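Please read the structure below before turning to the comments.
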Amino acid sequence: MGKKLSEGIKEWFGWFPSSTFENNTCIFVPNMANTCVFDTKGGLVIFDFPIRQFAQKTFDEVRRITNKPVKYVIYSHGHFDHAFGYGPFIEEIRKKGWDMPEVIAHENCIRRFEKYKILDKYHDWINKQQFVSVSGRGRDAVVSAHETLEPTIILQGNKSSYSFKIGDLNFKIYHDIGETDDSIWLWVPEKKTICTGDLMVSSFPNIGNPFKVQRYPKDWAVAMEKMREKNAEYLVPGHGRLIEGKENVRDALSITAEVMHFVHDEVVKRLNEGKWFEQIYHEMLEIYPEKFKKHKILRGYYGCYRFAIHAAYRLYHGWYNSGNPTDLFPSKMVDIAREFLKLSSEIVYLEHAKKLFFEGKLQLALHILDIIIKGSDEQNIKVLTDALNLKVKILKEKVKDESSFIATNILENGAHQINMRLKELQKPI
Ligand SMILES: [Zn+2]
């Protein structure tokens with residue numbers, strides 16, 4: 001179903017082979033999110049497990065290269081695609097009678113696991129929308145929030161850090177918020193390697209994701225700048241290919257810091273000028289610099305700049321975002337639409353929507369169609385069906401021009417739901 005995945009999003013999903021660097025001592029395994037394994041004289045250190053359905057694949061790929069026991073596990077954050085695919089590793093430890101590894105995470109990761117337990121069904125519902133083009137419809141959740149491998153070493157508070165040594169290698173772990181409030185990143189000086197988790201992915205940062213809670217643009221920039229000070233030669237991102245070479249690593253971190261500062265500061269400036277969201281959003285689209293638009297690291301394959309504007313705004317603003325008191329306690333959309341339809345018939349709206357569609361004003365056409373779709377009686381089946389069909393057509397048209405995987409899935413899902421409604425309407429009574 002839907003359009004083919006772009007090359008950029010295939011990279012985000014890790015559809016390329018595993019590899020090693022630093023003479024086979026660092027193993028890089030992309031399976032949706034990336035796992036990085038450090039093979040030390042004292043045993044293995046694993047930075048991030050994959051999502052549960054790829055756990056066996058990741059395990060097999062690691063075991064093809066080394067058979068040493070796992071001594072430490074580090075969770076970059078507690079998302080399903082970074083901390084849940086531990087099964088085969090733990091099974092092996094039990095079978096071989098090895099000691100359990102230390103599991104390192106930030107204290108907010110434990111809160112996240114608790115949150116997942118109370119919002120299990122909700123997250124499943126969200127994920128079905130966000131990932132529908134790769135996970136299919138109607139499938140059961142691939143991850144149960146009720147089974148987790150609990151952290152044993154817990155970083156606490158802001159700006160916390162933790163270090164340990166194993167074999168000849170030092171592992172330095174830092175907490176900085178960005179995509180999540182539980183994120184930590186790793187610096188291994190002897191391997192000149194940084195593991196970032198989702199603070200770096202092969203797309204514009206996933207900030208302002210329409211389904212997700214608040215994320216942190218300014219702190220994200222600060223994290224990038226702290227990482228840049230390490231002068232790393234390798235950067236293992238949360239998703240996408242390994243970044244190699246001091247210049248490339250520095251450039252990726254710098255441009256990401258710069259764009260996060262830009263979004264944050266330009267939104268803040270406009271808040272201080274007394275502007276409301278709509279004005280801020282459209283002005284921000286106008287002023288987005290070419291250097292960001294063109295940069296490889298910032299292509300909007302997954303998250304995108306348009307979503308980032310929401311994130312920066314929401315950081316400082318409440319839900320009353322239009323500045324129009326009409327919106328404070330609004331009527332139901334269905335009642336509003338019915339009043340519009342009293343002024344002019346559905347046919348007039350439909351004809352106007354078609355005109356807008358032919359003029360290429362797709363978004364405006366959608367707003368007009370919604371008046372019919374929301375307000376029309378199901379007895380008006382012919383015009384309602386025409387309106388729904390045109391809406392599907394427009395959503396599909398928008399998909400063609402959409403780069404963001406998340407936005408594409410929202411549009412595709414909307415079209416799918418309308419098609420389901422059309423089927424219902426066509427059933428004989
Ligand atoms: Zn991720």
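Just so it is clear, the structure is predicted and the values come from calculations on it, not from any experiment. All ligand and atom numbering here is 1-based and tracks the order in the structure.
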Check: R215 side chain, E179 main-chain N or O, donor-acceptor pair, under 3.5 Å:
yes

Option passing ring pair (Phe, Tyr, Trp, His ring centres under 6.0 Å) with F84 (candidates F49, Y75, F113):
F113

At a cut-off of 2.8 Å, what protein N/O/S atoms sit near the Zn ion (ligand 1)?
D81 OD2, H82 NE2, D198 OD2, H239 NE2

Let me see the working for E150 and T152 under side chain to side chain donor-acceptor pair (under 3.5 Å), right down to the final yes or no.
CA-CA 7 Å; E150 294 300 319; T152 56; over 6 Å; no

Please determine if [X] and [Y] form a salt bridge, counting it only when a charged side-chain N lies under 4.0 Å from a carboxylate O.
{"X": "K71", "Y": "E102", "result": "no"}
{"X": "E397", "Y": "K393", "result": "no"}
{"X": "E229", "Y": "K226", "result": "no"}

